[in-house]
Amino acid sequence: MKNAILIAGPTASGKSALALRLARETGGTVVNADSMQVYGVLRVLTARPDETQLAAAPHRLYGHVDPREAYSTGRWMRDVEALIRSGELGSKPAIFVGGTGLYFRALLDGLSAMPEVPPTIRQRWRDALADKGPVALHDLLAERDPAAAGTIRSTDGQRIVRALEVMDASGKPISQWQARSGTPMVDRSSAQLMVIEPDRVVLKARIDQRFDAMIEEGALDEVRAIAALDLDDALPAMKAIGVRELIAADRGEMGFEEAIDRSKIATRQYAKRQSTWFRNQLGPEWQRISMQE
């Protein structure tokens with residue numbers, strides 16, 4: 001794909017506004033590159049574009065995944081490839097915007113092929129996660145694939161299970177599969193690469209203001225709707241910031257003010273991790289720009 005525009009940045013930094021402006025200027029299509037904004041139900045809580053924004057320019061890969069499913073970078077890449085093959089993106093620039101660094105890496109460097117994992121193996125490790133918890137499985141992964149364990153947090157149950165199921169299904173550690181080069185989706189030489197680097201104090205204020213606005217716009221109703229699905233806590237959609245906190249408040253397990261404060265703190269911590277990843281992983285070819293309105 002030539003002449004693509006990639007816009008990375010932490011949550012609440014104004015990525016979507018910049019992408020929309022560029023879409024209007026170029027006639028291009030905005031393509032979601034955020035792993036939480038793919039899920040249905042949680043439009044407000046994941047800050048997906050609203051109806052006004054969707055009407056202003058074409059948007060793709062937003063809210064198209066059932067929260068009962070565990071979406072992956074590989075599936076996102078297949079969805080992007082399907083968009084390209086369908087001709088939906090046309091001849092105008094595709095504008096990829098989001099906060100999931102692995103999506104951008106996959107676009108530019110390709111994604112290593114992974115083995116098929118039989119459903120029985122996948123379910124066995126999901127059951128193990130529910131029974132033993134992520135820390136115990138991380139210890140097991142450290143024994144079997146130290147290289148992978150060194151790159152995965154001990155609390156990241158989804159990635160831990162993925163590494164263990166790949167090892168179980170193929171007999172090879174996931175780190176070996178990941179070392180194989182993939183095929184890039186985007187032509188780096190013609191792409192515009194931008195990463196937003198926000199002022200921390202301003203970003204903190206924006207995060208707090210945005211979460212308050214989410215509550216006013218119906219975030220609690222979304223949380224009640226997803227709680228009614230009775231999903232496995234290990235599913236990615238259940239890890240969207242604010243879901244567990246607001247469910248707990250709705251059940252009377254904590255006050256709503258405490259749930260809101262915890263959600264704001266978790267969002268600020270997440271934004272810090274995103275900024276650190278972009279600073280360390282995105283090279284000098286990326287244009288560093290200030291926070292957008």
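Since this is a predicted model, take the numbers as computed values, not measurements. Heads up: numbering here begins at 1 and tracks the sequence.
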Going only through I, L, V, M, F, W and Y residues with side-chain contacts under 4.5 Å, is there a path from Y62 to L22? yes
Any non-hydrogen side-chain atom of M167 less than 4.5 Å from a side-chain atom of L164? no
Measure the shortest side-chain to side-chain distance between L137 and W125 over non-hydrogen atoms and say whether it is less than 4.5 angstrom. yes
Salt-bridge contact D212-K264 (side-chain N to carboxylate O under 4.0 Å): yes
Does Y39 reach the main-chain N or O of P236 with its side chain, forming a donor-acceptor pair under 3.5 Å? no
Do L20 and H59 touch side chain to side chain, with heavy atoms closer than 4.5 Å? yes
Members sharing L220's hydrophobic cluster (side chains within less than 4.5 Å): V41, L42, V44, L45, F211, M214, I215, V223, I226, L229, L231, L235, M238, V243, L246, I247, F256, I260
So which atom in A70 and which in Q158 form the shortest heavy-atom distance, rounded to 0.1 Å? CB-NE2, 4.4 Å
Among side-chain atoms of R210 and T11, is any donor-acceptor pair under 3.5 angstrom? yes
Any chance the side chains of N32 and H64 put a donor and an acceptor closer than 3.5 Å? no
Any non-hydrogen side-chain atom of E258 less than 4.5 Å from a side-chain atom of D261? no
Heavy atoms of other groups near E51 CD, more than 12 under 6.0 Å: no
Rounded to the nearest 0.5 Å, what's the gap from CH2 on W277 to OG1 on T100? Could you check? 9.5 Å
Over all heavy atoms of both residues, which pair between E245 and I241 is shortest? Give the atoms and the distance, please. OE1-C, 4.2 Å
Separation between OG of S263 and CZ of R268, rounded to the nearest 0.5 Å: 10.5 Å
Indicate the ring-plane relationship of F278 and F104, choosing parallel, tilted or perpendicular according to the 30° and 60° boundaries. perpendicular
Correct closest heavy-atom pair for V30 and A23 would be CG2-CB, 3.8 Å
With hydrophobic residues grouped by side-chain heavy-atom distances under 4.5 Å, do I265 and L203 end up in a single group? no
CG/L107 to CE/M77 distance, rounded to the nearest 0.5 angstrom? 5.5 Å
Salt-bridge test for D34 and K15: reply yes if a basic N is under 4.0 Å from a carboxylate O, no otherwise. no
If you measure from the Lys or Arg side-chain nitrogens to the Asp or Glu carboxylate oxygens, is any gap between K2 and D187 under 4.0 Å? yes
Pairing of D221 and R224 as salt bridge, 4.0 angstrom limit: yes
R162 side, atom CZ; L141 side, atom CG - distance, nearest 0.5 Å: 13.0 Å
I want to check something: taking the side chain as every heavy atom from C-beta on, are L193 and L282 in contact at a cut-off of under 4.5 Å? no
Derivation and outcome, side chain to side chain contact (heavy atoms under 4.5 Å, CB included), residues R75 and V65: CA-CA 11 Å; R75 184 171 164 191; V65 178; 4.2 Å; yes
Considering residues at least two apart in sequence or located in another chain, which fulfil the salt bridge (Lys or Arg N to Asp or Glu O under 4.0 Å) criterion with D199? none
Verify the neighbour count for atom CZ of R200: are there more than 12 heavy atoms of other residues, nucleotides or ligands below 6.0 Å? no
With a 6.0 Å cut-off (strictly less than), is the heavy-atom count around CD of E116, excluding the residue itself, greater than 12? no
